2 protein chains.
Amino acid sequence: MSVGIRHDDLRRRNRAMVIAAVRRAGQPSRTEIAATTSLSHSTISAISSDLIVEGILTESKPSEAGSLKRGRPQVGLSLNPEAAAVMTVVLSLNFLSVAVIDYAGQVISEEQRRLDTLTMSRDSLIGECTAIVRRRLEDPDLDVRSIARIALAVQGITDTRARSMLWSPITPHTDIAFADIFEEEFGIPAIMENDCNMMAVALRWRDPDRYRDDFIAILLSHGIGMGLVLKGELFTGTHSSGGEFGHMIHRPNGALCRCGRRGCVEAYAGNYAIWRNARQMGEDAEPVADVSDADMRALAAAARERDGPEREAYRKAGEVLGYGLGSLFALIDPAPVAMVGVSAAAFDLIEPALRQAIAQTAGGQHSKSISFDTEPNELPLIREGCAMRALIFVDQEIFAPGVQARSGFGGKNVA
Amino acid sequence: MSVGIRHDDLRRRNRAMVIAAVRRAGQPSRTEIAATTSLSHSTISAISSDLIVEGILTESKPSEAGSLKRGRPQVGLSLNPEAAAVMTVVLSLNFLSVAVIDYAGQVISEEQRRLDTLTMSRDSLIGECTAIVRRRLEDPDLDVRSIARIALAVQGITDTRARSMLWSPITPHTDIAFADIFEEEFGIPAIMENDCNMMAVALRWRDPDRYRDDFIAILLSHGIGMGLVLKGELFTGTHSSGGEFGHMIHRPNGALCRCGRRGCVEAYAGNYAIWRNARQMGEDAEPVADVSDADMRALAAAARERDGPEREAYRKAGEVLGYGLGSLFALIDPAPVAMVGVSAAAFDLIEPALRQAIAQTAGGQHSKSISFDTEPNELPLIREGCAMRALIFVDQEIFAPGVQARSGFGGKNVA
DNA sequence: CAGTATTTTTTCGAGGCTCGAAAAAATAGG
DNA sequence: CCTATTTTTTCGAGCCTCGAAAAAATACTG
């Protein structure tokens, strides 16, 4: 139910807005902030001087040496890197990666580790995750007390409230309440997010010109995942992280999917499906547990070299992705697409069939105007997204407390 | 870009909130409004006395005769029906319907008319629409000057800004800027919405317990349409009204659809498709222009009577709808569904195959928890949705002017 | 090199809004 | 008729933002 605005909300909201403006712009002057927020100079002056006193912002004296304009020079405001720090934890198939990020978004410290996630017990999976975080927290070089938030990302389905991993292809265990576990273990607020959603968040920060209000990030990896930003907000399901593009049905009773069902998009376009088709193993063949990036690159190389089952496997993947995107476009209209992950590097093998399929669908009329971009490496993106998620939390909940995060305000969702 | 909150926005927003509270609750007392908005009694008192003086609200003395509590009795606030009026225009296949609605939401006056929309020229289609509105405006019984807004709904695709009909199955003509045409013709602000979206808006007002934050309204009529509410907001595409569930691809290169493509959900589940299958005409047969409701009811009766091609046609429709919903649920998670339109009356013939198909998809795990409700008559729903849309506009833009409609505030979208 | 123009930032008083407390209003119970 | 109870209004206090003017900091000009 919508709730009234109290008088004291005003300042808090505008504080949050100033912080957000600085985070977006990097080193804006007070005048620039006044312009983008359409608040008066007096207000910006008052708020920013508060924030500087509190150690949240700092004045970065020489805004830019280049600008030799007449008049008093602008003084840039920037985030004080020491104001806080957050931690990111990215859990993917057989791989765990942790980083500590300062308030300005720079990586301070990191650690990565190979695991056998598919066969580990529930407890040792959780134990490995908490142990690697503990090692970072106890690193003598770091000021432990300043970790304000932990953001986890995992391949798989998480709940809307960002508390639990509900299901994941990387482990047979389900319903692991990572956020609660971490909060109990370390006393630090934690959230648990879907990896592809974090990719989308990161893309929006990396390239706001291309990825602004509406775009699609698709992970072409062992499985097929999607992060969706619509109207400037991260799209999630009614109960879970949603956006399970890879498990839309391409063909009822079709190829066997890793999820146990049949005919999912992933069962034609995931790495294991491309592998299965390239090896002509048949649609009923049990999906292999993992295909190395090197193997996939070799497959792509073979497909480029000669017209054989490898090339056909990529063509099929493209066709299915195209029909899937077509159905998606029927719902949300066309939007720019970022293809991420190892098979995005083989997008040249995928694109022709993909475009041909889209042309047969509701998205067809705009087929040519749909832009595709590729980014082979998903891990840095996921980490960046987690970092931004956690930092925005600090911005809003710690440095502008009391603002009820409400949709549409300061970018609750995507930030 | 998010914009700061000015000091004078405060009052305007809280005014809008009080109006919204009254519209939702019917006859709330000041105390109840204070409770739901969490504003102080003093503020509510000040705002509501303003609104009463301005003739927007009225005090309805005897709140309820029943409540014989101790203490000063509550005095209910209600919308003043004479504060404004709006007009709704619903254009569907071969049918045009107009109504004038008072500020409290009651129909004051209406007119309906049969047309041959498929064969009419562009100009006569527009002409018929403006003529019927003009007749209502010039009705001597009505206070013409008080029409504050016209809301149109049409089967088909409209643009996100609610200005134009981009494409519609009811006419060969495209890109008709109805909103602009009406504004120019009558000098009254107008919007052009998608019919199924208005159904969803209406369902939310009719039954907020069942249809609150997340639900799906599906129109089973000559074509298949959908209105979707997610997280309390009406879902629309990036450029158009979106949600073209009927044109998701069920089977590449499948049955011929009215849209000219192949394999769309509609090409198996629309009235014309059920008709075509029941008559065993083959998937390539040109879709018939219209099937009367009586014919469809006869078809359903035949299907109930004996196991023949009619029953199989409904089964097929259910199967395809089920796989389509399954794909939709992969994206948004399961949610309550309202089946609307003449074929919703045959939902008993559709449901078994539909549920069986959903069970094969990502929605399957929650198959039993998905609730279906049916409503055979779409027209009243569409009109109600239009009326609410228009009235909310009056609430926000006319009676609480200056509030930049921003998402998440006071229900910009669904209201 | 001093003075002027220009631009940014801060200061200060005015006006407006919400809040809490207290008063006023309106009814049931005894 | 008086008291208890609940709703609604009144009133002063405290904030917040705004506009205007002042202050600050630099480039230009002769």
Side-chain angles (χ1 to χ4, degrees), chain A residues 3-18 21-22 25 27-53 57-77 400 402-403, chain B residues 3-18 21-22 27-53 57-77 400 402-404:
Chain A
V3 72
I5 304 184
R6 298 237 205 63
H7 203 216
D8 39 337
D9 286 346
L10 244 176
R11 192 47 171 283
R12 289 167 175 161
R13 291 187 177 218
N14 287 339
R15 258 176 83 97
M17 190 148 311
V18 169
V22 175
Q27 278 202 345
S29 70
R30 291 168 176 81
T31 308
E32 284 164 12
I33 298 176
T36 62
T37 59
S38 79
L39 292 169
S40 74
H41 287 191
S42 356
T43 304
I44 300 300
S45 179
I47 292 176
S48 54
S49 94
D50 283 359
L51 292 172
I52 289 169
V53 168
L57 299 185
T58 52
E59 289 192 333
S60 39
K61 248 310 134 67
S63 75
E64 255 115 64
S67 72
L68 288 184
K69 287 183 309 183
R70 224 172 151 113
R72 179 171 173 173
Q74 303 190 353
V75 29
L77 296 175
V403 182
Chain B
V3 73
I5 303 184
R6 298 238 205 63
H7 203 216
D8 39 336
D9 285 345
L10 243 175
R11 191 49 171 281
R12 289 168 175 161
R13 289 186 177 217
N14 286 339
R15 259 175 83 99
M17 191 148 311
V18 169
V22 175
Q27 278 203 343
S29 70
R30 291 168 176 80
T31 308
E32 284 163 11
I33 298 175
T36 62
T37 59
S38 80
L39 291 171
S40 74
H41 287 193
S42 356
T43 303
I44 301 301
S45 180
I47 292 176
S48 53
S49 93
D50 283 358
L51 292 173
I52 288 169
V53 168
L57 299 184
T58 51
E59 289 192 332
S60 38
K61 232 13 243 266
S63 75
E64 254 114 66
S67 71
L68 288 184
K69 287 182 309 182
R70 226 176 152 109
R72 177 171 175 174
Q74 302 191 351
V75 28
L77 295 175
V403 183
Q404 313 94 310

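Atom set for the values below is all heavy atoms of this structure, side chains included, hydrogens, waters and symmetry mates excluded. Since the structure is predicted, the reported quantities are computational estimates derived from the model, not experimental observations.
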> How long is the line joining CD1 of I5(B) and C1' of dT18(C), in whole Å?
14 Å

> Between dG16(C) atom C1' and R13(B) atom CZ, what is the distance in whole Å?
16 Å

> For L77(A) versus S60(A), what's the shortest heavy-atom pair and its separation?
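Scanning both residues, the minimum pair turns out to be N-OG, 4.2 Å.
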
> Restricting to side-chain hydrogen bond (donor to acceptor under 3.5 Å, both in side chains), what partner residues turn up for H7(B), sequence neighbours left out?
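side-chain hydrogen bond (donor to acceptor under 3.5 Å, both in side chains) list for H7(B), sorted by chain: H7(A).
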
> Which residue pairs pass the salt bridge (charged side-chain N to carboxylate O under 4.0 Å, His left out) test when at least one of the two sits in residues 39-49 of chain B, sequence neighbours left out?
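Non-adjacent pairs meeting salt bridge (charged side-chain N to carboxylate O under 4.0 Å, His left out): zero.
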
> Rounded to the nearest angstrom, tell me the gap between atom CG in D9(B) and atom C1' in dC16(D).
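So the two atoms are 13 Å apart, to the nearest Å.
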
> Identify, with sequence neighbours excluded, every residue that meets side-chain hydrogen bond (donor to acceptor under 3.5 Å, both in side chains) alongside T43(A).
S40(A)

> What pairs of residues pass the salt bridge (charged side-chain N to carboxylate O under 4.0 Å, His left out) test when at least one of them lies in residues 40-50 of chain B, not counting sequence neighbours?
R11(B)-D50(B)

> Quick one: closest heavy-atom pair of I5(B) and L39(A), and the distance?
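Residues I5(B) and L39(A), closest heavy atoms: O-CD2, 3.7 Å.
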
> Given dG16(C), is OP1 or OP2 found less than 4.0 Å from the side-chain N or O atoms of R11(B)?
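Looking at the OP1 and OP2 atoms of dG16(C), neither is under 4.0 Å from any side-chain N or O of R11(B).
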
> Take the protein atom CZ of R12(A) and the nucleotide atom C1' of dT17(D), then report the distance between them rounded to whole Å.
17 Å

> N14(A) side chain N/O closer than 4.0 Å to the phosphate oxygens (OP1, OP2) of dC16(D)?
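N14(A) to dC16(D) OP1/OP2: no side-chain N or O under 4.0 Å.
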
> Looking at E32(B) and Q27(B), what are the two nearest heavy atoms and their distance?
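Closest approach of E32(B) to Q27(B): OE1-O, 4.3 Å.
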
> Distance check needed: dT9(C) C1' versus L77(A) CG, whole Å only.
11 Å

> Side chain of S45(A), backbone of H41(A): donor and acceptor closer than 3.5 Å?
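The answer is no, because no donor-acceptor pair under 3.5 Å joins these two groups.
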
> Output the rounded distance in Å from CZ (R6(A)) to C1' (dC15(D)).
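Whole-Å distance recorded here is 14 Å.
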
> Which of residues 39-48 of chain B have a heavy atom under 4.0 Å from DNA chain C?
L39(B), S40(B), S42(B), T43(B)

> For the pair made of CG in L10(B) and P in dG14(D), what is the distance, rounded to whole Å?
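Atom-to-atom, L10(B) to dG14(D), this comes out as 19 Å.
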
> Return the minimal non-hydrogen interatomic distance between A400(A) and R12(A), and the atom names on each side.
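In this case the closest contact between A400(A) and R12(A) is CB-O, 3.7 Å.
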
> Treat primed atoms plus P, OP1 and OP2 as sugar-phosphate and everything else as base, then score nucleotides 1-7 of chain D 5' to 3': B for base contact with protein heavy atoms under 4.0 Å, S for sugar-phosphate contact only, - for none.
---BBBB

> Starting from C1' on dT18(C), measure out to CG on D8(B) and report it in whole angstrom.
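For the pair D8(B) CG and dT18(C) C1', the rounded distance is 15 Å.
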
